[in-house]
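Written below as structure tokens is the structure these notes are about.
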Amino acid sequence: MKTSGRDWYRTAVFYQIWIRSFADGNHDGIGDLYGVYDKLEYIRSLGVTAIWFNPLYPSPNADFGYDISDYCNIHPDYGDLDQFKKVLDKAHDLGMKVIMDLVINHTSDEHRWFQESRKGKDNPYSDYYIWRDKPNNWDSILEGSAWEYDKMRGQYYLHLFAKKQPDLNMDNPKVREEVKNILRFWLDMGVDGFREDVINFISKREGLPNGIGFLPIIGSMMHYKDGPHIHEYMKEFREVCDEYGALQIGEGPMTSVGNALKYLSGETKSLDMMFSFDHMTADCLFTEYIHRPFKLIRLKKALSKWQYKLAGRAWNTLYLENHDHPRIISRYGSEKFHVKSGTALAFSYLFLKGTPFIYQGQEIGMTNIRLSSIDKYIDVSSINNYFKYHVKDDPKERLHRIHVSSRDSSRTPMQWNDGKYAGFSDVKPWFYLNPNFKRINVKAEEKDKNSILNFYRKCIEIRKKSMVLTYGSYKEYEKSHPYVYMYERRFEDKAYVVICSFAEERIPFVLPQEFRGHMGTLALTNYPEKDIPGSPVIFPTDFMMLEPYEAMLIKVRYNA
Ligand code: GLC
Ligand code: CA
């Protein structure tokens, strides 16, 4: 089935589903496609127009779905191909597109290709993976050295991620043909595109030279990030997607704007959007595990950089959460000011230029889980970090590092109501529920018109109706202000101004000169008790007082 072009993505709002923790429909404590089927109306009710599924394929779950053992099937925990088709058709009927996760940097070591490849150098799958007699000094991103010895083959294989995720040899044309077959399989079924996992890592430098030894992990990245043949390979995949008008979004860890633009524009254009990571490090260095206090200035700088540099050339993705990061209120907001900071965070990104993504549970303000011992954590990277770094530190401190960084925080079961098991399942869920589900859950927030949930709905509604917020230009004001994020979206003589405080106290905010004394209309505020949307706003000539995490969207008109 051919879709009618891919231009829909600029006006789309995505919802991301990490299925294992979304909704259990067949009473075994594990989220599945039966549960998703029943929740599609809910997703649609947010104003969402597209869904991204994290991997649904058979997987031994060493990295929860990112270690795939069969690309053209559904994990039995989640249903089967028929059930997937039902979900797909229903999503389409409700007016939502569906994109799949494409993980082709590596497979599972339990994939048939790897099982064959291990058998020896004369096997037809021998060159599907990257085998060497001697490892180089690269680190993997998830689990120690990037090389693992395989007894059967008598050689080492490369794995940039976990040991059970051997890297495919993309230089082998047969492997690229396999990728194209996978694309066709899902596109023929009717999916609308792909989110392409660590896609900027698939081409490795010839000879696999050593990296800078003393820099853990990142010391070898220059040898596989945006590698030598990346754009040739991407072009081949693009051609298949072009046949179907399918959307392609790349995940680009550590990528710079300059490199991203090569995928997103010009002759080497092969992707429609890219997930960048710069704005994910406002409270850490490279990774959440190397924590530092949140600084709004870092967040603003990263967001503005991508807004300005992509303007007129490419299209941004907008996100604050996904399955790889702890919950945003616990990071950039405040659990104490749960609703106010959750809504201020929504303001700070939902009105930027680009396509918004909402990760399951973000719309109700789910927060980090703090498990009492490392034994309770299941994410391979958390476990690796815990046992590899800072091992001599106080155990409390070590656990704290996990609390602020673990990917498990975004993978706790979705909180649907305050009943037993939070309405996620009627039997004991596969993973720990965040105990705050009694308070933070969909059912309670549905009833409260000022909840985070209903706030997301309002933001999305306003955004969707507005040319200014969809296509208007972006401009940041007061960029050195440590507590306030102020930006404007403008289209011809119409504009919206966003003012968001990230302070926990009431603070005075001195307006930029050009706004002083001007008039506008309040479009939305997270202090509805203070002001009513639709009412006129007069920008003060000196300063305005902002309540803790106060955020507002103001419509203004310029004289033509
Ligand atoms: C991506 C995924 C992440 C996974 C990694 C390896 O970053 O989002 O969850 O661990 O790739 O596939
Ligand atoms: Ca289930």
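All values below were derived from every heavy atom in this structure, side-chain atoms included, with hydrogens, water molecules and symmetry-related copies excluded. Just so you know, ligand 1 is whichever comes first in the structure, and atom 1 is the first atom listed for that ligand.
- Annotation: cation-pi geometry satisfied between R398 and Y386 (NZ/CZ under 6.0 angstrom from ring centroid, within 45° of ring axis).
- In this structure, K204 forms no cation-pi arrangement with W138, as its terminal cationic atom is not both closer than 6.0 Å to the ring centre and no more than 45° off the ring axis.
- Residues that satisfy the salt bridge (Lys or Arg N to Asp or Glu O under 4.0 Å) test with K235, not counting sequence neighbours, are E239.
- Residue contact check: D63 has heavy atoms under 4.0 Å from atoms 4 (C), 5 (C), 6 (C), 10 (O), 12 (O) of ligand 1.
- Of the protein's non-hydrogen atoms, the one nearest atom 9 (O) of ligand 1 is D324 OD1, 2.6 Å.
- For ligand 1, the atoms lying closer than 4.0 Å to a non-hydrogen atom of H106 are 6 (C), 12 (O).
- Here the options are R327, R411, R407, R331, the test is salt bridge (charged side-chain N to carboxylate O under 4.0 Å, His left out), and the partner is E321; only R327 passes.
- Put simply, the side chain of I249 does not reach to within 4.5 Å of the side chain of F194, judged on heavy atoms.
- In this structure, the side chains of W147 and Y157 stay at 4.5 Å or more apart for every pair of heavy atoms.
- Protein N/O/S atoms found under 3.0 Å from the Ca ion (ligand 2), listed by chain and residue number: D24 OD1, N26 OD1, D28 OD1, I30 O, D32 OD2.
- Distances from ligand 1 to the non-hydrogen atoms of R195 include at least one value under 4.0 Å.
- Of all atoms in ligand 1, numbered sequentially from 1 with element shown, those under 4.0 Å from a heavy atom of R407 are 3 (C), 4 (C), 9 (O), 10 (O).
- With hydrogens and angles left out, the side-chain atoms of Q248 and E196 include a donor and acceptor closer than 3.5 Å.
- Of all the heavy atoms of E196, none lies under 4.0 Å from any atom of ligand 1, so neither backbone nor side chain is involved.
- What sits closest to atom 7 (O) of ligand 1 on the protein, heavy atoms only, is E251 OE2, 2.8 Å.
- In this structure, of D67, V103, N105, D197, the residue bringing a heavy atom nearest to atom 1 (C) of ligand 1 is D197.
- Judged by the 6.0 Å and 45° rule, K86 forms no cation-pi pair with Y37.
- Between H390 and Y289, the two ring planes are tilted [angle within 30° to 60°].
- The 12-atom threshold is not exceeded at NZ of K420, counting heavy atoms of other residues, nucleotides or ligands nearer than 6.0 Å.
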